[in-house]
Amino acid sequence: LTEDVLIEKEPRRYKARDGLELEGFLSLPKTFANKPTATIILPHGGPMCEDGKDFDMFSTFMANRGYVVFQPNFRGSSGYGHNFMMQAVGGLGMEMQDDLEDAVKYLVDEKIADPKKVCIVGASYGGYAALMGATKTPDLFQCAISFAGMSDLVKMSNNFRYFTNKNTARKQFGEDKNQLKQTSPVNMVERVKIPILLIHGVDDTSVPVEQSRVMARALKKHGKPHEYIELEEGTHYLDYLPHRQQTFEAMEKFLQNHLKI
């Protein structure tokens with residue numbers, strides 16, 4: 001990791017469709033030639049977390065491979081005040097997801113992103129957002145990658161009984177089971193038009209591997225293009241070097257096939 005490969009992220013402001021001002025961080029590859037380029041929308045996990053100018057593996061790797069990478073701090077992110085962050089409560093897949101779609105519009109309007117070459121990639125909550133991108137807005141993205149992402153919010157909320165912070169987790173998801181069903185990607189698989197890559201660690205204790213298994217089964221049942229990789233003894237955090245290598249090699253191959261630069 002030297003200056004030859006590292007890229008400084010640029011903070012960018014953009015407006016959501018309801019007028020809310022949002023911030024995101026832009027990584028332009030060294031090959032960027034001031035024209036619309038293949039772009040990756042990379043929402044963070046949490047969702048009550050935030051992206052900034054600090055180093056992260058995902059954006060650095062993808063920018064190094066020639067892709068524009070944008071990391072939006074959608075509503076519900078931390079770092080912008082209590083009220084902003086609390087919009088994540090009961091908001092999964094709704095305005096939080098709209099903010100990611102509006103990030104694409106911003107990048108296209110700025111002539112940074114090629115509208116025909118945009119992929120959504122994420123891990124944990126970001127993986128869920130990637131699956132929502134493939135199902136909620138099937139014409140916006142050309143591919144999606146979900147690492148350790150949720151696909152069935154009802155099943156996930158039922159699993160909270162095993163969590164030490166189960167009450168907090170349930171409150172964050174919200175009690176409206178119908179809404180959780182409607183914002184669960186596994187229930188919208190028939191809308192998928194793009195290839196999806198699912199990667200999940202078998203020993204993930206934060207988002208159970210079953211969340212990717214049920215999505216893979218549903219995609220297969222409906223004949224949708226997808227790949228599914230399980231990391232034996234893998235955790236939620238890609239903290240084992242061979243798993244990181246396997247994951248990034250799979251993502252690179254998938255992006256080369258479906259997001260031409």
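Given the structure is predicted, the values throughout are model-derived calculations rather than measurements.
Lys30 approaches Leu6 most closely through the heavy-atom pair NZ-O, 3.5 Å. Taking all atoms of both residues into account, the shortest heavy-atom contact from Pro11 to Glu23 is CB-OE2, 3.7 Å. Residues Ala88 and Pro47 share a closest heavy-atom pair of CB-CG, 4.0 Å. Here the closest heavy-atom approach between residue Ile112 and residue Phe32 is recorded as O-CE1, 4.0 Å.
The shortest side-chain heavy-atom distance between Phe141 and Cys119 does not fall under the 4.5 Å cut-off. Looking only at side-chain heavy atoms (C-beta outward), Leu231 and Leu238 come within less than 4.5 Å of each other. Contact annotation: the side chain of Met96 never approaches that of Gln87 to less than 4.5 Å [non-hydrogen atoms, C-beta and beyond]. Looking at Leu140 and Lys105, their side chains never come closer than 4.5 Å, going by heavy atoms from C-beta outward. Side-chain contact check for Arg217 versus Lys221: every heavy-atom pair is 4.5 Å or farther apart. Side-chain contact check for Val69 versus Val121: every heavy-atom pair is 4.5 Å or farther apart. With a 4.5 Å cut-off on side-chain heavy atoms, Lys220 and Tyr228 do not count as touching. Put simply, the side chain of Leu107 reaches to within 4.5 Å of the side chain of Ile41, judged on heavy atoms.
A donor-acceptor pair is defined here as one N or O able to donate and one able to accept, closer than 3.5 Å; such a pair exists between the side chain of Arg191 and the backbone of Thr135. Judged purely by atom type and a 3.5 angstrom limit, Thr235 has no side-chain atom pairing as donor or acceptor with the backbone of Glu233. Ser151 contributes no side-chain N or O that, together with a main-chain N or O of Pro185, makes up a donor-acceptor pair within less than 3.5 Å. Side chain of Lys53 to backbone of Glu8: no donor-acceptor contact under 3.5 angstrom is found. Judged by distance alone, with hydrogens and angles left aside, the side-chain atoms of Lys224 form a donor-acceptor pair with the main-chain N or O of Glu190 at under 3.5 Å.
Within the model, atoms CD1 of Ile7 and CG of Asp4 stand 11.0 Å from one another, a figure rounded to the nearest 0.5 Å. Note that CD of Gln142 and CD1 of Ile40 are 12.0 Å apart. Values are rounded to the nearest 0.5 Å. One distance of note links CG of Leu1 with CE of Met57; it measures 10.5 Å at 0.5 Å rounding. The CD1 atom of Ile196 sits 6.5 Å away from atom CG of Leu198, with the distance rounded to the nearest 0.5 Å. A distance of 10.5 Å separates CG of Leu197 from NZ of Lys253, quoted to the nearest 0.5 Å. Atom-to-atom distance recorded for Glu210:CD and Met156:CE is 12.0 Å, nearest 0.5 angstrom.
Under the 4.5 Å side-chain contact rule for hydrophobic residues, Met62 and Val68 do not share a cluster. Residue Ile199 is grouped with residue Leu259 when hydrophobic side chains (ILVMFWY) are merged at heavy-atom distances under 4.5 angstrom, including chains of intermediate members. Hydrophobic clustering, with ILVMFWY side chains joined whenever heavy atoms are under 4.5 angstrom apart, groups Leu22 together with Leu92. With hydrophobic clusters built from ILVMFWY side chains whose heavy atoms lie under 4.5 angstrom apart, Ile120 does not share a cluster with Phe61. Put simply, Val207 and Val186 are part of two different groups of oily side chains (I, L, V, M, F, W, Y) that touch within less than 4.5 Å, one to the next.
Salt-bridge annotation for Asp102 and Lys15: absent, with no side-chain N of the basic residue lying under 4.0 Å from a carboxylate O of the acidic one. Using a 4.0 Å cut-off between charged nitrogen and carboxylate oxygen, Asp56 and Lys9 count as a salt-bridge pair.
Residues Ser157 and Lys177 have side chains that bring a donor and an acceptor to within less than 3.5 angstrom of each other. Side-chain contact of Tyr14 with Glu110: a donor-acceptor pair under 3.5 Å is absent, judged by distance alone. A donor and an acceptor atom, one from each side chain of Ser78 and Glu50, are located under 3.5 Å apart. Between the side chains of Asp204 and Gln211, no donor-acceptor pair is found at a separation under 3.5 Å.
Judged as a side chain to side chain donor-acceptor pair (under 3.5 Å), and not counting sequence neighbours, the contacts of Asp98 are Lys136.
In this pair, Phe147 and His200 present their aromatic rings parallel. The plane angle is below 30°, not in the 30 to 60° band.
No option in Lys181, Met132, Gln182 other than Met132 meets the side-chain contact (heavy atoms from CB on, under 4.5 Å) test with Met188. Just one residue in the list Tyr128, Tyr125, Phe74 forms a side-chain contact (heavy atoms from CB on, under 4.5 Å) with Pro43, and that residue is Phe74.
Surrounding CZ of Phe55 are more than 12 heavy atoms belonging to other residues, nucleotides or ligands, all under 6.0 Å away.
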